[in-house]
Amino acid sequence: MKKRAVFPGSFDPFTIGHEGIVRRALTLFDEIIIAVGANPLKKSLYSVETRKKMISEVFKGDPRIKVDHYEGLTVDYCKKHNAMYILRGLRTSADFEFERAIAQMNRIMAPEIESVFILTVPEHTPVNSTIIRDIIRSGGDASMFVPSLIKLSDYKTDDED
Ligand code: ADP
């Protein structure tokens, strides 16, 4: 059976930190589904469709990466897609505490699904989508924080609607 992981997140926008986690996880899994969580309670900068387009651009031509979106529980999405692993990235102890609670609760709900964490490389520790959104909203250049295949100027933000 294929080892399939789901990498769930907001990815608003997808960063070099996220890309690093996915590329390193490709040594562990046969297939990774990058699943953009559509959280109606979070005010996003980019629409779910735009975020998916950006991520697809980074991994185009790699059949091991799928890009999708979902609503609802991550564990339900994993079961539906026969994924036994949830992939997450860790930057700081704050990330760890947050991720620990989610992973332990997911484990109670779905003990067959394992959460797997990859520690970011030191240079990606400060890379944070929330700060990148602030930079973009303030008219700054955030290109060094996103994968080079994502040309931010090609994408409309929801703020422009
Ligand atoms: P969420 O809203 O689910 O936290 P994010 O898009 O902020 O979504 O993050 C998705 C995952 O990527 C989380 O596990 C987060 O800890 C991880 N992550 C975010 N930024 C980085 C980074 N710079 N390096 C490594 N992992 C990261």
Side-chain angles (χ1 to χ4, degrees), residues 4-29 31-59 64-78 80-81 83-107 109-110 113-137 140-150 152 155 157-159:
R4 184 176 294 130
V6 169
F7 185 33
S10 309
F11 308 122
D12 186 30
F14 194 79
T15 70
I16 49 175
H18 298 132
E19 181 190 18
I21 298 298
V22 172
R23 296 210 184 278
R24 286 164 63 201
L26 280 171
T27 63
L28 303 173
F29 305 110
E31 196 177 292
I32 298 173
I33 307 174
I34 303 174
V36 179
N39 183 345
L41 297 176
K42 269 193 187 174
K43 167 98 183 77
S44 58
L45 180 62
Y46 294 101
S47 70
V48 169
E49 277 317 305
T50 300
R51 284 179 255 166
K52 283 169 65 179
K53 241 188 255 168
M54 287 178 178
I55 301 168
S56 302
E57 198 58 41
V58 178
F59 298 103
R64 297 170 299 173
I65 306 287
K66 307 265 184 293
V67 183
D68 194 9
H69 72 276
Y70 73 108
E71 275 174 50
L73 288 179
T74 306
V75 288
D76 288 343
Y77 179 85
C78 290
K80 197 167 144 209
H81 294 270
M84 302 305 289
Y85 305 93
I86 295 174
L87 172 66
R88 296 286 284 180
L90 291 177
R91 287 164 294 188
T92 59
S93 53
D95 272 356
F96 170 76
E97 285 303 332
F98 179 70
E99 297 293 341
R100 183 180 58 77
I102 298 175
Q104 288 176 335
M105 290 183 76
N106 278 338
R107 189 172 172 76
M109 292 187 286
I113 297 170
E114 200 63 73
S115 292
V116 176
F117 302 95
I118 292 185
L119 190 62
T120 195
V121 292
E123 56 272 30
H124 290 168
T125 304
V127 177
N128 178 311
S129 293
T130 305
I131 301 174
I132 293 175
R133 287 198 295 280
D134 285 345
I135 294 171
I136 295 170
R137 284 193 175 111
D141 176 11
S143 57
M144 63 286 251
F145 304 120
V146 299
S148 52
L149 283 166
I150 298 178
L152 286 171
Y155 300 97
T157 64
D158 271 8
D159 289 357

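All ligand and atom numbering here is 1-based and tracks the order in the structure. What's counted below: heavy atoms across the whole structure, side chains too, no hydrogens, waters or symmetry copies. A quick note: this is a predicted structure, and the numbers were derived from the prediction, not measured.
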- Identity of the nearest option to atom 7 (O) of ligand 1, non-hydrogen atoms only, from His124, Glu123, His18: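 Closest candidate by heavy-atom distance is His18.
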
Please list the nearest protein heavy atom to [atom] with its residue and the distance rounded to 0.1 Å.
atom: atom 4 (O) of ligand 1; result: Arg88 NH2, 3.4 Å
atom: atom 6 (O) of ligand 1; result: Phe11 N, 2.9 Å
atom: atom 24 (N) of ligand 1; result: Thr120 OG1, 3.0 Å
atom: atom 1 (P) of ligand 1; result: Ser10 OG, 3.7 Å
atom: atom 15 (C) of ligand 1; result: Gly89 O, 3.6 Å
atom: atom 22 (C) of ligand 1; result: Arg91 CD, 3.4 Å

Inset, instruction - Indicate the atoms forming the closest heavy-atom contact of Pro13 with Arg133, along with that distance. - result: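 For Pro13 versus Arg133, the nearest heavy atoms are CD-CG, 4.2 Å.
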
Inset, instruction - Please state whether Phe7 comes within less than 4.0 angstrom of ligand 1, counting heavy atoms only. - result: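 Distance cut 4.0 Å: Phe7 passes for ligand 1.
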
Closer than 3.5 angstrom, by distance alone: can the side chain of Arg88 be matched with the main-chain N or O of Pro8 as a donor-acceptor pair?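 It does hold such a pair.
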
TODO: Answer yes or no: is there a donor N or O on one side and an acceptor on the other, between the side chain of Ser44 and the main chain of Ser47, under 3.5 Å?
DONE: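 No; zero donor-acceptor contacts below 3.5 Å.
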
Review point. Is ligand 1 under 4.0 Å from a heavy atom in the side chain of Ile21, in the backbone, in both, or in neither?
Key: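 The answer is the side chain of Ile21.
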
- Residues Arg4 and Glu31 bridged, charged N to O under 4.0 Å: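 Salt bridge present between Arg4 and Glu31.
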
I'd like to know if Arg23 and Glu19 make a salt bridge, using a cut-off of under 4.0 Å between side-chain N and carboxylate O.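 Looking at Arg23 and Glu19, the cut-off is met.
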
Between Asp141 and Ser143, is there a side-chain donor-acceptor contact under 3.5 Å, judged purely by atom types and distance?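 Asp141 and Ser143 do have a side-chain donor-acceptor pair below 3.5 Å.
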
If we ignore angles and hydrogens, is there a donor and acceptor under 3.5 Å between the side chains of Asp68 and Tyr77?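 Looking only at side-chain atoms, Tyr77 and Asp68 do form a donor-acceptor pair, the distance falling under 3.5 Å.
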
Quick one: which ligand 1 atoms are inside 4.0 Å of a heavy atom on [X]?
X: Val127; answer: 20 (N), 22 (C), 23 (N)
X: Gly9; answer: 3 (O), 8 (O), 10 (C)
X: Glu99; answer: 13 (C), 14 (O), 16 (O)

*asked:* Could you check, using the six-membered ring where one of them is a Trp, whether Tyr46 and Tyr155 have ring centers closer than 6.0 angstrom?
replied: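 Ring-ring flag for Tyr46/Tyr155: false, centres at least 6.0 Å apart.
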
